[in-house]
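Basis for what follows: all heavy atoms, side chains included, without hydrogens, waters or symmetry-related copies. Numbering starts at 1 and runs along the sequence shown.
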Amino acid sequence: MSGETQANTPFPKWRCIANVLLNSEPNEKCDGLVNRSQTRQSEWGATLEASASLATGALRHDVTLGASYIGSSAHFTQSTQFGYLLPDRTVVAVSGPGAFADGTQDSENAFDARVDLRSRTTALSAYALDHVAMGRGISLDLAARYDRVSVRNRDGITPGGGTGSLDSSPVYHRLNPAVTLTGAVAKGANLSLAWSQASRAPSAIELGCSDPESPCRLPNALAGDPPLRQVIARTVEMRFDAGNAWGHVHAALFRTDSSDDILFVANDASGYGYFRNFGKTRRQGLELSAKARAGRFTLSASYTLLDATYRSGETVNGSGNSSNDAPAPGFEGAIEIRPGNRIPLLPRHTAKAALGWEAAPWLSLDLDMVAVSGVYARGNENNAHQPDGTYYLGPGKTDPYAVFNLGGEVRPGPGITLFAMVRNLFDKAYATAAQLGATAFDAQGQVVSRPFAGPVIDGERPLLNSTFFAPGAPRSIQVGARLRF
């Protein structure tokens, strides 16, 4: 109706029910979705390996040759039913001719969220490793692994291939080498320099949403699937290790450059996108760890500094990001990733510490801590989101946190161990991940049907956006027993 506001149109229940019964624009009038999915999968495989030691002149070789086969099959089905939100944030599904998102709705924005996919994957691998002892504490490790991965996807809804079909039969193969040179710099201390290459075949979700002609609204929806290239990662690492009877220390500098990385990018159709190989990313940093034992006490600690950044520019969907290019706040738009922007969901700082105490031959206690810095939210790939308190609620990243765990073991007799573990000892409330997106709730937690009366652009009104957090697990207690025969 014209002139609707939050005050005179507070709840979409009857509007949603009516449009589902009429099969007319339920995707636009209902504010809730019930997604149902089912996955059946199985995996089997075998590995054959042989090793031998031999000498060539002054060099000693420890050679390992191996091959493996892994087969897997999966059947994934999904359906999406329209519904409306209740104030307690539950969704009531509505029945009727337009109840399910199957693309038949009388709406210009109708979408089909059904999936019926059968997939079979076969992975064949062959690998070789030669550890060469060169004398004077110097050794050289040479390795190579060849992988051939074939995927056979068959669509039970739209078979035959082409736009909108999940049918595909891509084959990926690659030879990945690695080399490590290690030398003794002092008694009990080694310095290593390593270079390696690794590859990753695209996942089923990435393959199923990679067609620019049939983009997906959400990255976990499936649509057409032209082939994607493998992600190739090349790593250079320098490691230092030293140890003796009292403990061990480790330090490492590393850099991994990934090419043909896979990213969910924006499409010309507003609010939609697809996966594609886009460019390069880099993960580099420092690792430090130490472990020491003094009498009945064991102390360990580690720290990781991770600088994870995009190294190529790209345009991605940024509808929940306040810095997007929409014509006005609250509307759908895109954001620009620039080289040097931090990758979301990867913490820059991670620290761990643990203290163990052998209180008695039959009793041991352990206390550990994990501290993590905040991460940028998905949707804030340009690191520029700033909440305004009106159209955009919540920050563009999570807060740092520290979680403590306490455990103990009692050994009343040979082969018998009783244990207990309290995770998140102080019941810390924290978030491990976040994502920007439109919300149906205002800052007070109330359902909002029409948050803003205007402006109206192309028949659409602004949406309220917020930061969605993935909460960490609350305090939990686990007890159990282990028996050894």
Side-chain angles (χ1 to χ4, degrees), residues 33 35 37 39 89 91 200 202-206 209 216-222 231 256 258 261-266 271 273 275 278 281-285 302-310 314 316-324 335 337 341-352 368-387 392-405 423-441 443 445 463-476:
L33 291 173
N35 294 302
S37 64
T39 302
R89 305 199 177 197
V91 177
R200 178 181 74 83
S203 69
I205 290 178
E206 292 164 341
C209 185
C216 308
R217 176 167 289 275
L218 297 174
N220 60 350
L222 297 179
V231 181
T256 299
S258 299
D261 217 336
I262 297 174
L263 187 69
F264 190 74
V265 302
F275 286 104
F278 86 102
T281 59
R282 174 175 292 169
R283 293 161 178 82
Q284 62 183 3
S302 65
Y303 168 74
T304 300
L305 169 65
L306 176 62
D307 179 38
T309 58
Y310 295 102
E314 187 55 85
V316 300
N317 184 282
S319 296
N321 192 311
S322 64
S323 66
N324 69 30
I335 58 175
I337 295 177
N341 288 150
R342 297 251 308 271
I343 300 174
L345 306 184
L346 295 178
R348 185 173 178 82
H349 305 282
T350 302
K352 300 179 181 180
D368 68 80
M369 181 273 297
V370 178
V372 180
S373 62
V375 299
Y376 280 105
R378 181 77 70 187
N380 193 17
E381 284 80 2
N382 65 348
N383 310 158
H385 171 76
Q386 293 293 332
Y392 302 95
L393 309 178
K397 61 186 303 183
T398 64
D399 291 327
Y401 66 88
V403 175
F404 292 81
N405 306 301
R423 302 186 186 277
N424 195 356
L425 180 63
F426 301 109
D427 202 21
K428 170 73 174 180
Y430 65 99
T432 58
Q435 180 168 330
L436 304 180
T439 180
F441 301 91
L463 295 177
L464 183 64
N465 294 273
S466 185
T467 305
F468 294 84
F469 294 101
R475 181 193 296 126
S476 64

Locate the shortest heavy-atom distance separating Thr467 from Ala434; write the atom from each residue and the value.
-> CG2-CB, 3.9 Å
Chi angles and distances behind the side-chain contact (heavy atoms from CB on, under 4.5 Å) call for Leu393, Leu464 | CA-CA 8 Å; Leu393 309 178; Leu464 183 64; 4.1 Å; yes
Heavy-atom check, side chain of Ile337 versus side chain of Val316, under 4.5 Å = yes
Minimal non-hydrogen separation, Gln386 against Ser322, with atom names | N-OG, 2.8 Å
In terms of heavy-atom contacts, Asn321 and Ala384 come closest through OD1-C, 4.3 Å
Shortest non-hydrogen contact between Leu345 and Ala433, atoms and distance | CD2-CB, 3.8 Å
Within the distance-only criterion (no hydrogens, no angle test), does the side chain of Asn341 pair as donor or acceptor with the backbone N or O of Tyr310 below 3.5 angstrom?
-> no
Distance from Leu346 atom CG to Leu306 atom CG, nearest 0.5 Å?
-> 6.0 Å
Reported CD1-to-CZ distance for the pair Ile343 and Arg378, which is rounded to 0.5 angstrom = 9.5 Å
Counting only N and O atoms by type, is there a donor-acceptor contact under 3.5 Å from the side chain of Thr432 to the main-chain atoms of Gly472?
-> no
Closest non-hydrogen contact found for Asn382 with Ser323 is ND2-OG, 2.9 Å
Would you call Asp307 and Arg348 a salt bridge, using N to O less than 4.0 angstrom?
-> yes
So, do Leu305 and His349 sit near enough that their side-chain heavy atoms are less than 4.5 Å apart?
-> yes
Side chains of Tyr430 and Thr398: closer than 4.5 Å at any heavy-atom pair?
-> no
Sub-3.5 Å donor-acceptor pair from the side chain of Ser373 to the main-chain atoms of Pro347, do we have one?
-> no
Run the side-chain contact (heavy atoms from CB on, under 4.5 Å) check on Tyr376 and Glu381 step by step: do they pass?
-> CA-CA 8 Å; Tyr376 280 105; Glu381 284 80 2; over 6 Å; no
When rounded to the nearest 0.5 angstrom, what is the spacing between NZ in Lys397 and CG in Asn383?
-> 8.5 Å
Verify whether one side chain among Asn405 and Asp368 offers a donor that lies under 3.5 Å from an acceptor in the other.
-> yes
Closest approach of Leu463 to Ala438 (non-hydrogen atoms, all atoms of both residues) | CD1-CB, 4.1 Å
Is the backbone N or O of Arg475 less than 3.5 Å from a side-chain atom of Arg423, with the two atoms forming a donor-acceptor pair by type?
-> no
Stepwise side-chain contact (heavy atoms from CB on, under 4.5 Å) check, Tyr392 with Leu436 | CA-CA 9 Å; Tyr392 302 95; Leu436 304 180; over 6 Å; no
Asn380 side-chain N/O to His385 backbone N/O, donor-acceptor pair under 3.5 Å = yes
Phe469: ring-ring contact (aromatic ring centres under 6.0 Å, His included) partners, not counting sequence neighbours = none
Test Ser258 against Thr256 for side-chain contact (heavy atoms from CB on, under 4.5 Å), laying out the working first.
-> CA-CA 6 Å; Ser258 299; Thr256 299; 4.2 Å; yes
